[in-house]
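Letters A, B, ... mirror the listed sequences (proteins, then strands); counts begin at 1.
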Number of protein chains: 2
Amino acid sequence: MIRIDERISKSELTYDWIRERIIGREFNPGYRLVLGAIAKELGISVVPVREAVRRLEAEGLVEFERNVGARVAMVNSVEYIDTMQTLGVLEGAATALALPQMSQEDIDRAQSINDSMRAMLESFDPVVFTSLNEKFHRALFHRCPNPHIAELADRGWNRMAGLRSSTFSFVPERAPRSVQEHDEILRLIREHAEPMEIEMAVRQHKWRTVEAYREQGHHAVPSPATAR
Amino acid sequence: MIRIDERISKSELTYDWIRERIIGREFNPGYRLVLGAIAKELGISVVPVREAVRRLEAEGLVEFERNVGARVAMVNSVEYIDTMQTLGVLEGAATALALPQMSQEDIDRAQSINDSMRAMLESFDPVVFTSLNEKFHRALFHRCPNPHIAELADRGWNRMAGLRSSTFSFVPERAPRSVQEHDEILRLIREHAEPMEIEMAVRQHKWRTVEAYREQGHHAVPSPATAR
DNA sequence: GTATCCCAGATCGTATACGGTATGTGATGC
DNA sequence: GCATCACATACCGTATACGATCTGGGATAC
């Protein structure tokens with residue numbers, strides 16, 4: 001019997017509720033998440049709200065200070081760069097591991113997403129473009145047989161979404177190049193290139209975006225690549 | 001003035017308390033963590049205990065089932081293999097990124113740890129050996145300038161500790177080879193080999209351990225063994 | 001006018017309480 | 001003797017309550 005019930009706990013509902021609002025930019029970075037206020041808004045008590053917030057904290061979407069409260073994680077260039085760098089490593093590995101499980105349809109789907117991206121290079125909308133970009137990459141690694149890596153990559157993307165509504169608002173000039181690199185990755189996959197080569201293509205693709213962002217100089221902060 | 005206070009929340013204390021016991025094998029995999037019982041043991045209420053348990057769940061040390069409760073994550077071969085594989089990726093990358101920050105003392109310290117490991121190959125104690133092994137690897141990547149990767153690698157090691165008190169209890173025959181590979185990694189670092197080469201050496205080192213474990217066939221047991 | 005102190009409001013951290021769900025056990029019917 | 005059902009128990013999920021801590025602003029001293 002299918003449980004129509006399938007009831008989900010209030011803390012989980014709250015978790016989704018807050019998270020949606022962070023990802024959807026309704027709650028901007030720095031927005032203060034007051035437990036009592038959210039509880040009243042949702043018509044529940046503060047306990048499940050608290051639990052939801054702590055979970056979001058564990059995933060890096062929210063910052064918490066003892067006896068002060070929670071706020072949506074701040075836009076911070078260093079964080080952004082670190083997250084992108086980490087995601088490059090994870091997603092590269094996840095994609096390489098997913099290769100044996102990848103079907104022709106998976107590849108076709110990714111290709112069609114990338115075609116959509118190319119099509120919109122003319123009338124460029126950074127937010128939509130960024131969202132398609134995420135879809136493209138998820139399509140490539142979602143078959144990853146190692147659930148740990150897949151989940152970490154997933155969290156990485158969520159965190160990114162929280163930190164920046166749109167990567168390509170900051171480095172629009174990278175968009176054409178990015179589409180090109182996507183094609184290149186798909187080509188490597190189709191031609192059954194060495195998994196390591198594909199992994200590095202994916203990683204470098206992300207790292208080049210970081211480079212572009214860094215050179216753009218949106219941040220006064222020096223790169224971690226300091227001299228010994 | 002330094003706050004002698006520096007009071008830490010009860011939920012945090014509880015988190016540490018439980019975690020110590022899991023890592024220290026006082027709570028074995030499958031051990032049931034009853035909120036009320038722990039609360040009474042520590043003389044506090046269940047609320048902070050609950051929070052601590054959820055945090056441990058987020059890190060994978062504990063499994064939680066709605067309306068049933070929490071138990072220490074089960075020894076599960078698949079989980080173990082996945083975790084090791086992920087850790088190989090993360091630690092390889094973290095080590096490579098740490099290279100520019102690495103001092104001569106760091107390298108010497110790692111070398112001396114490995115020497116201790118070699119020394120104990122004769123009278124082999126898997127638990128101590130595994131612990132030294134962890135120290136060795138942490139010594140190599142702890143300078144990693146990207147805190148995200150470092151933290152993920154850190155969590156990976158903790159998770160491993162929870163899943164297996166000692167890797168080398170299961171594949172003792174790999175110990176000598178492992179020491180050798182450590183030397184090789186140190187050699188590459190000293191000779192300023194390509195970061196990528198070092199990253200792959202670290203990754204492959206871990207993956208070979210997984211291979212050894214897998215071939216050993218210990219994992220005939222899917223082991224949650226509840227099968228009501 | 002500036003710095004310090006103190007108080008009030010806001011918000012968190014934790015305790016206690018209670019209803020809901022799952023699990024095991026003994027009674028009942030066959 | 002076996003399967004089924006009902007009930008008791010254990011434990012979780014959430015609500016409510018209250019003391020603790022932080023923050024900001026106004027009063028006071030100089």
Side-chain angles (χ1 to χ4, degrees), chain A residues 1-19 21-22 27-59 61-74, chain B residues 1-19 21-22 27-58 61-74 224-228:
Chain A
M1 205 49 184
I2 294 171
R3 305 268 299 281
I4 313 252
D5 191 18
E6 193 63 39
R7 268 180 35 194
I8 221 161
S9 69
K10 298 193 180 181
S11 76
E12 198 129 355
L13 284 172
T14 308
Y15 170 84
D16 292 337
W17 188 86
I18 299 175
R19 175 204 170 94
R21 261 142 254 259
I22 295 178
F27 294 166
N28 287 311
Y31 184 93
R32 202 131 174 240
L33 298 169
V34 179
L35 303 187
I38 295 174
K40 206 159 72 177
E41 169 92 22
L42 297 181
I44 61 179
S45 85
V46 296
V47 181
V49 176
R50 184 182 167 82
E51 187 168 315
V53 168
R54 297 311 288 249
R55 246 180 89 193
L56 289 162
E57 185 201 7
E59 297 185 12
L61 286 180
V62 156
E63 287 163 1
F64 204 91
E65 200 176 344
R66 180 178 158 87
N67 282 323
V68 173
R71 45 187 61 223
V72 178
M74 295 298 289
Chain B
M1 204 66 246
I2 295 170
R3 306 264 300 279
I4 312 253
D5 191 16
E6 194 59 41
R7 269 178 37 192
I8 220 160
S9 70
K10 298 192 181 181
S11 76
E12 199 130 354
L13 284 172
T14 308
Y15 170 84
D16 292 338
W17 189 86
I18 298 175
R19 176 204 172 93
R21 261 141 254 260
I22 294 177
F27 294 165
N28 287 310
Y31 184 94
R32 205 137 168 235
L33 298 170
V34 179
L35 303 188
I38 296 175
K40 206 158 73 175
E41 168 92 21
L42 297 180
I44 61 179
S45 85
V46 296
V47 180
V49 176
R50 184 183 167 83
E51 186 169 314
V53 167
R54 298 311 287 250
R55 247 181 88 192
L56 289 163
E57 186 201 7
L61 287 180
V62 157
E63 288 163 0
F64 204 92
E65 199 177 343
R66 180 178 158 89
N67 281 326
V68 174
R71 46 187 61 223
V72 177
M74 296 299 287
T226 48
R228 170 136 65 107

Just to verify, what does B/Arg19 make a side chain to side chain contact (heavy atoms under 4.5 Å, CB included) with, not counting sequence neighbours? B/Tyr15, B/Ile23, B/Leu56, B/Glu59, B/Leu61, B/Asn158
Residues in salt bridge (charged side-chain N to carboxylate O under 4.0 Å, His left out) with B/Glu63, at least two apart? none
Return all side-chain donor-acceptor pairs below 3.5 angstrom for residues 36-46 of chain B, not counting sequence neighbours, or 'none' if the list is empty.
{"from": "B/Ser45", "atom 1": "OG", "to": "B/Val47", "atom 2": "N", "distance (Å)": "3.4"}

Results of salt bridge (charged side-chain N to carboxylate O under 4.0 Å, His left out) for B/Arg50 - residues two or more places apart only: A/Glu51
By salt bridge (charged side-chain N to carboxylate O under 4.0 Å, His left out), which residues pair with B/Arg32, not counting sequence neighbours? none
Contact string for nucleotides 12-18 of chain D, one letter per nucleotide 5' to 3', B = base within protein heavy-atom range under 4.0 Å, S = sugar-phosphate only, - = neither, reads SSSBB--
